[in-house]
Amino acid sequence: MNENPYSTAVLAWYEANARDLPWRRPDAGPWSVLVSEIMLQQTPVVRVLPAWEAWLRRWPTPADLAAEPSGEAVRMWNRLGYPRRALNLHACARAIVSRHGGRVPDSHADLLALPGVGPYTAAAVASFAFGQRHAILDTNVRRVLARAVTGIEYPPKAQTKAEVRLAESLLPAAPPVAARWGVAVMELGALVCTARSPRCVDCPIIDRCAWHQAGRPAHDGPPRRGQTYAGTDRQVRGRLLAVLRDSPGPVPKSALDAVWDEPVQRERALDALVADGLVDPLEDGRYALPG
DNA sequence: CAATCGTGGCA
DNA sequence: TTGCCAAGATT
């Protein structure tokens with residue numbers, strides 16, 4: 001058994017404590033898993049749950065979504081945030097139909113080639129939907145490994161090759177076990193080994209945690225990034241797109257101008273939305289979600 | 001490589 | 001009230 005020092009305890013903990021998330025159920029197919037993974041990028045589970053249900057009820061297969069204009073995906077995305085993910089998912093659906101016969105591909109390379117699918121998401125779909133053996137390295141896993149193995153409170157801001165190597169070195173040998181290990185560590189990070197106020201008393205590997213054994217030393221080095229939002233282009237983009245989402249059809253430019261008084265920033269944000277394909281400027285001067 | 005890209009909840 | 005954080009990807 002090529003397991004790691006944590007796997008037995010973490011896997012047992014997962015069996016007893018895993019949340020019953022719909023995309024983890026046995027009847028959740030690869031498309032359901034892919035949709036969940038895109039939605040979960042930088043977005044909390046509680047906010048994804050209703051969006052995922054509605055999305056899959058409307059578009060049960062990639063072909064269903066591929067048949068729609070991309071603007072419908074953007075509208076359906078509602079306020080999940082990072083709306084280019086809606087565009088990515090729509091482009092995924094069309095690529096899956098055109099390149100893979102309508103079925104979500106099972107190879108990591110093919111998944112990675114889909115729009116909006118990076119190293120984490122490709123590994124997650126290959127592992128969770130197809131039971132393959134891939135290192136899962138998301139923000140939860142990075143934090144758990146930083147603490148348990150490296151003995152520091154937080155991982156570095158940018159993911160390092162050392163972290164990838166570490167995650168790979170811990171992979172159980174059997175693919176189904178490796179896949180279970182991946183979700184299990186993620187779940188541990190999400191429920192117990194949290195960013196703030198970790199619940200070490202409930203941790204199954206507290207006796208093997210380097211950070212805990214060192215007395216839980218505080219993070220040293222520069223404070224982590226200030227992700228300011230108010231007054232940024234992102235806020236302006238959000239307001240502009242909200243107007244289009246909440247309108248059944250095209251809107252006059254005056255409706256967009258009303259959401260932000262600084263004209264230079266407003267135009268810059270609108271131009272960026274058009275460049276991103278999230279907004280369609282019509283011939284008559286009005287604006288709409290993309291067809 | 002570091003900046004950019006939404007939104008909402010919570011300590 | 002406000003800073004921090006949430007299953008990252010792209011350029």
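Residue numbers start from 1 in every chain, and the chains themselves are labelled A, B, ... in the order their sequence lines are given, proteins ahead of strands.
A distance-only check finds a donor-acceptor pair linking the side chain of A:W211 to the backbone of A:P217 [under 3.5 Å]. Side-chain atoms of A:R99 never come within 3.5 Å of backbone atoms of A:D110 as a donor-acceptor pair (strictly under, hydrogens ignored). Here the side chain of A:R85 pairs a donor or acceptor atom with the backbone of A:M39 at under 3.5 angstrom. A:Y154 places a side-chain N or O within donor-acceptor distance of the main-chain N or O of A:A195, the cut-off being under 3.5 Å. A donor-acceptor pair under 3.5 Å links the side-chain atoms of A:Q132 to the main chain of A:D106, judged by distance alone.
Here, B:dA3 and C:dC4 have their P atoms 16 Å apart, quoted to the whole Å. B:dG6 and C:dT11 are spaced 14 Å apart, taking the P atom of each and rounding to whole Å. Look at the C1' atom in both C:dA6 and B:dC5: the space between them is 15 Å, to the nearest Å. Comparing the same atom, P, in B:dA2 and in C:dA7 gives a spacing of 23 Å after rounding to whole Å.
For C:dG8, its base never sits under 3.5 Å from the side chain of A:T139 at any donor and acceptor pair.
For A:R25 and A:D27, the salt-bridge test fails: no basic side-chain N is under 4.0 Å from an acidic carboxylate O. Under a 4.0 Å N-O distance rule, the pair A:R237/A:D233 does not qualify as a salt bridge.
Considering only side-chain N and O atoms, A:R268 lies nowhere under 4.0 angstrom from the phosphate OP1 or OP2 of B:dT4. Phosphate contact (OP1/OP2 of C:dG8, side-chain N/O of A:Q42, threshold under 4.0 Å): present. For A:R237 and B:dG6, the shortest distance from a side-chain N or O to OP1 or OP2 is below 4.0 Å. Close to C:dA9, at under 4.0 Å from its OP1 or OP2, lies no side-chain N or O of A:Y82. At least one side-chain nitrogen or oxygen of A:T121 sits closer than 4.0 Å to the OP1 or OP2 atom of C:dA9.
Here the nucleotide nearest the side chain of A:R19, chosen from B:dG8, C:dG8, C:dA7, is C:dA7. Here the nucleotide nearest the side chain of A:Y229, chosen from C:dA7, B:dG6, C:dC5, is B:dG6. Ranking C:dA7, C:dA9, C:dC5 by closeness to the A:M186 side chain, first place goes to C:dA7. Counting only heavy atoms from C-beta on, A:D233 has its side chain closest to B:dC5 among C:dA9, C:dC5, B:dC5.
Between A:N88 and A:R47, the one whose closest nucleotide on DNA chain C sits nearer the 5' end is A:R47. When the nearest nucleotides of DNA chain B are assigned to A:R196 and A:Q41 by heavy-atom distance, the more 5′-ward of the two goes with A:Q41. Comparing A:P115 and A:L21 against DNA chain C, the residue whose closest nucleotide sits nearer the 5' end is A:L21. Along DNA chain B, the nucleotide closest to A:A242 and the one closest to A:A158 are compared, and the more 5′ of them pairs with A:A158.
One atom, CZ of A:R239, and another, C1' of B:dC5, lie 17 Å apart when rounded to the nearest Å. Atom-to-atom, CG of A:L114 to P of C:dA9 comes out at 12 Å; the value is rounded to the nearest Å. Look at CZ on A:R79: it is 17 Å from P on B:dC5, rounded to the nearest Å. Computed from coordinates, the A:E187 CD to C:dA6 P distance equals 14 Å when rounded to whole Å. Put simply, CG on A:L241 is 12 Å from C1' on B:dC5, counting in whole angstrom units. Taking atom CG on A:L270 and atom P on B:dC5, their separation rounds to 14 Å, with Å as the unit. Summarising the geometry, the separation between CG on A:D138 and P on C:dG8 is reported as 5 Å, rounded to the nearest angstrom. Rounded to whole Å, atom P of C:dC5 lies 9 Å from atom CZ of A:R143.
Within 4.0 Å of A:W77, counting heavy atoms only, lies no atom of the nucleic acid at all. A:A195 comes within 4.0 angstrom of sugar-phosphate atoms only, judged by non-hydrogen atoms across all strands, and of no base. Looking at heavy-atom distances under 4.0 Å, A:V183 makes no contact with the nucleic acid at all. Within 4.0 Å (heavy atoms only), A:G81 reaches at least one base atom of the nucleic acid. Using a 4.0 Å heavy-atom distance criterion, A:L80 is classed as a base contact.
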